[in-house]
Amino acid sequence: MRTLRFLLRKEYLQIFRDRIMVAQLLLLPAIQLALLANAATFEIKSARLVVVDEDRSATSRGLVDRMRAGGRFELVKSTTSAERADDAMMRRQAGVILRIPREFERDLVRTHTAPVQLILNAEDGAAAGVTLSYAQRIVAEYASELAATLRLSTLGGEGPVAGQGRLDVRARGWYNPNLDYRFYMVPGILVQLVTMVGTLLTALNIVREKELGTLEQLNVTPVTRGQFIAAKLIPLWSLGLVALTIGMLVARFAFHVPMRGSVLLVFGTASVYLLAALGVGLLVSTMVSTQQQAMFVTFFIVLVYLLMSGLFTPVRSMPIWAQWIAQANPVMHFIEIMRAVMLRGAGLREIARSLAILSAIAVGVFSLSVRQYAKRAA
Amino acid sequence: MTRADPAVTASSLGKRYGDVVALDDVTFDVRVGELFGLIGPDGAGKTSLFRLLTTVQLPDAGSARVLGLDVVKDYRAIRSRIGYMPGRFSLYPDLSVEENLRFFASVFGTTIEAGERLIAPIYSQIAPFADRRAGALSGGMKQKLALCCALVHLPELLLLDEPTTGVDAVSRREFWDLLETLRADGLTIVASTPYMDEAMRCERVALIQHGRILDIADPRTIGARFDRPLLALRSAERLRLLRALRALPDAHSVFPFGDAVHYADARADRDGSTVAAGLQRVLAEQGIRDVQVTPIEPGIEDVFMELMQRAPAATA
């Protein structure tokens with residue numbers, strides 16, 4: 001016990017002496033949250049629109065005006081030539097082409113239907129989807145407006161059209177009424193932060209002693225492997241919680257992300273989760289011999305972790321095999337719990353299942369890596 | 001352990017890493033209070049031998065006792081009674097001189113003050129830099145600090161793996177002076193080195209190559225084992241001299257040696273000065289006229305070269 005105390009004192013001394021480490025710990029949460037929460041958004045602010053109005057009627061102009069009015073589309077060009085519009089798309093001057101065919105107004109009056117064509121640059125499928133939904137909404141609104149005045153029933157292709165005898169859907173977003181993307185991202189980013197501290201710093205810290213040769217020196221002292229591991233992991237475990245605290249404060253006061261559940265529950269979960277994160281770091285340290293290798297291996301693991309975690313895309317939309325892998329991913333469970341507690345205000349009962357799985361994974365990974373470490377260094 | 005028991009006993013030690021044989025049938029002992037040297041080129045197996053004696057790795061064959069304790073069974077007891085300095089400078093560069101020393105004292109359950117007796121003469125030399133980070137010390141200073149860290153818990157046996165590699169000549173000499181002082185205090189020391197001048201300061205040396213001990217002897221009398229006439233030759237045309245000597249039918253071995261060339265004759269019964277006269281004549285006939293030939297007493301390096309030449313290369 002006395003030896004452990006001396007080892008711990010040395011670890012903390014080294015951590016606080018490392019200015020870069022301290023700066024990272026304080027700044028990383030703030031910078032990461034600021035960047036990811038603001039830059040990583042699915043919201044489309046202004047899609048560049050080219051209009052090919054071949055009809056040049058009052059009705060077609062009305063549609064164009066409404067497209068421009070919402071602020072979602074920016075009219076960059078108006079032309080009568082479809083080729084020129086295609087060209088603008090190719091040169092990335094435009095992301096959306098709205099083509100209103102000749103006889104648009106006449107068809108509308110005569111047959112009560114008329115097509116309009118919407119062409120999107122779908123290189124980025126997700127962004128195109130969002131743009132399409134904005135456009136459809138505008139077209140639908142315009143259609144119902146026309147229906148009222150012209151007594152027409154359909155305008156455009158698919159999409160819900162409001163009108164007489166139709167269902168009127170009033171959507172309301174619970175837990176995040178303004179559909180603020182940041183609220184969804186921030187808890188996940190906090191998890192990613194704790195993962196980085198727990199896994200990367202653990203691997204680097206232990207491998208550093210290998211590189212320095214001090215590990216060899218310590219092996220020839222009465223210090224046991226258990227004491228060595230404990231002295232390495234306890235400080236990093238506490239650093240993980242410090243990083244989380246800073247991140248939570250930034251989230252709360254800079255981004256106004258709600259904290260509806262119990263803070264204690266968040267930290268309790270983080271404490272358990274950190275066992276898994278530290279365990280992976282320890283495991284990496286047994287596999288490599290330089291800090292550079294440790295960095296590469298850790299980044300690879302964390303990347304797979306994050307992609308399979310539901311941070312960016314929902315786990316439920318993954319194929320079945322990927323969902324199974326995700327179930328074994330501690331990051332996924334931690335993110336789920338964080339979102340549940342912070343945004344929905346879930347209590348222990350609501351997160352019990354996730355927490356149980358997370359604990360099982362954490363204990364499993366941790367004991368496996370400790371055993372692996374002891375074996376390798378014997 | 002009684003006084004007469006050796007500090008280290010190795011019996012037929014063997015160690016391999018995959019297909020590489022690091023140690024093969026190594027048997028030797030180190031007497032209490034002795035300064036024992038391990039001499040051999042890089043890759044000879046010196047570091048592997050230290051790893052086994054310090055209980056960091058297990059032998060594949062044979063056994064070893066350190067301070068009367070078995071390296072496999074009693075590793076824990078051994079670790080608290082030996083001091084070890086690995087080849088590479090391995091202290092914490094981000095901790096100060098004093099913090100490093102205090103740390104290593106604490107993991108042995110002791111204090112700097114308790115280790116005073118042994119480290120005082122060495123520590124006094126680095127004490128003015130007690131607050132400096134270990135990473136900012138010069139090579140010689142680092143090495144002294146490492147020695148302090150290995151001595152602070154008052155070990156009975158000190159193991160040093162190439163302690164002076166990468167250190168300047170003056171610091172090397174100072175360091176060996178320190179070792180001799182420690183030995184005079186009764187500490188048993190085992191040190192490996194690739195330098196022959198350092199080997200001369202040991203009481204006994206073991207010559208190691210390809211994981212095998214070629215010979216164990218007193219470095220001052222080891223020359224007696226060289227049983228052929230040996231000559232040192234000097235010429236401005238050294239390369240030509242080397243080639244000419246190697247082509248001679250009676251040449252046993254020819255090695256460049258500092259600014260000279262050492263030539264051993266195959267005719268063991270000949271007298272040195274007779275061989276010298278013969279060589280002078282033959283070389284003059286070949287046009288190398290400025291050559292000076294002197295019969296010399298063989299040194300430890302000559303013996304080592306001779307033993308290395310005789311020993312077959314180890315195969316896995």
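So you know, we letter chains A, B, ... as the sequences are listed, proteins then strands, and number each from 1.
Between A:V223 and B:R79, every side-chain heavy-atom pair lies at or beyond the 4.5 Å cut-off.
Most heavy-atom pairs under 4.5 Å with chain A, from the set B:L159, B:T54, B:D94: that is B:D94. The greatest number of non-hydrogen atom pairs below 4.5 Å with chain B, out of A:T3, A:D18, A:L13, is found for A:L13.
Shortest non-hydrogen contact noted between B:Y84 and A:Q217 is O-NE2, 2.8 Å. The shortest heavy-atom contact between B:R76 and A:P222 is NH1-O, 3.4 Å.
Within 6.0 Å of CZ in A:F267 there are more than 12 heavy atoms belonging to other residues, nucleotides or ligands. Within a 6.0 Å radius of CD1 in A:I20, other residues, nucleotides and ligands contribute 12 heavy atoms or fewer. Within a 6.0 Å sphere centred on CD of A:Q292, heavy atoms belonging to other residues, nucleotides or ligands number 12 at most.
The backbone N or O of B:Y92 sits nowhere less than 3.5 Å from a side-chain atom of A:E209 that would complete a donor-acceptor pair.
For B:F103, the part lying near chain A is the side chain, with the backbone staying farther off; criterion is any non-hydrogen pair under 4.5 Å. Of the two parts of A:R208, only the side chain, counted from C-beta on, holds a non-hydrogen atom closer than 4.5 Å to a non-hydrogen atom of chain B. Contact annotation for B:R51: only side-chain heavy atoms (C-beta onward) come within less than 4.5 Å of a heavy atom of chain A. Residue contact with chain B, scored on non-hydrogen atoms closer than 4.5 Å, is absent for A:Q227. Both the backbone and the side chain of B:S80 come within contact range of chain A, with heavy atoms under 4.5 Å apart. If you measure heavy-atom distances from B:L95 to chain A, the contacts under 4.5 Å come from both the backbone and the side chain.
To the nearest 0.5 Å, atom NZ of residue A:K10 and atom OG of residue B:S106 are 10.0 Å apart. For the atom pair A:R9 CZ and B:R102 CZ, the distance stands at 8.5 Å (nearest 0.5 Å). Rounding to the nearest 0.5 angstrom, the gap separating the OH atom in B:Y75 from the CG atom in A:N219 is 11.0 Å.
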Identify all side-chain donor-acceptor contacts of residues 37-44 of chain B below 3.5 Å with residues at least two apart in sequence or on another chain.
none

Under 3.5 Å, sequence neighbours excluded: what are the donor-acceptor pairs made by side chains of residues 121-145 of chain B?
{"residue": "B:S124", "atom": "OG", "partner": "B:A120", "partner atom": "O", "Å": "3.2"}
{"residue": "B:S124", "atom": "OG", "partner": "B:P121", "partner atom": "O", "Å": "3.0"}
{"residue": "B:Q125", "atom": "OE1", "partner": "B:K144", "partner atom": "NZ", "Å": "2.9"}
{"residue": "B:S138", "atom": "OG", "partner": "B:M141", "partner atom": "N", "Å": "3.4"}
{"residue": "B:Q143", "atom": "NE2", "partner": "B:P163", "partner atom": "O", "Å": "3.0"}
{"residue": "B:K144", "atom": "NZ", "partner": "B:E174", "partner atom": "OE1", "Å": "2.8"}

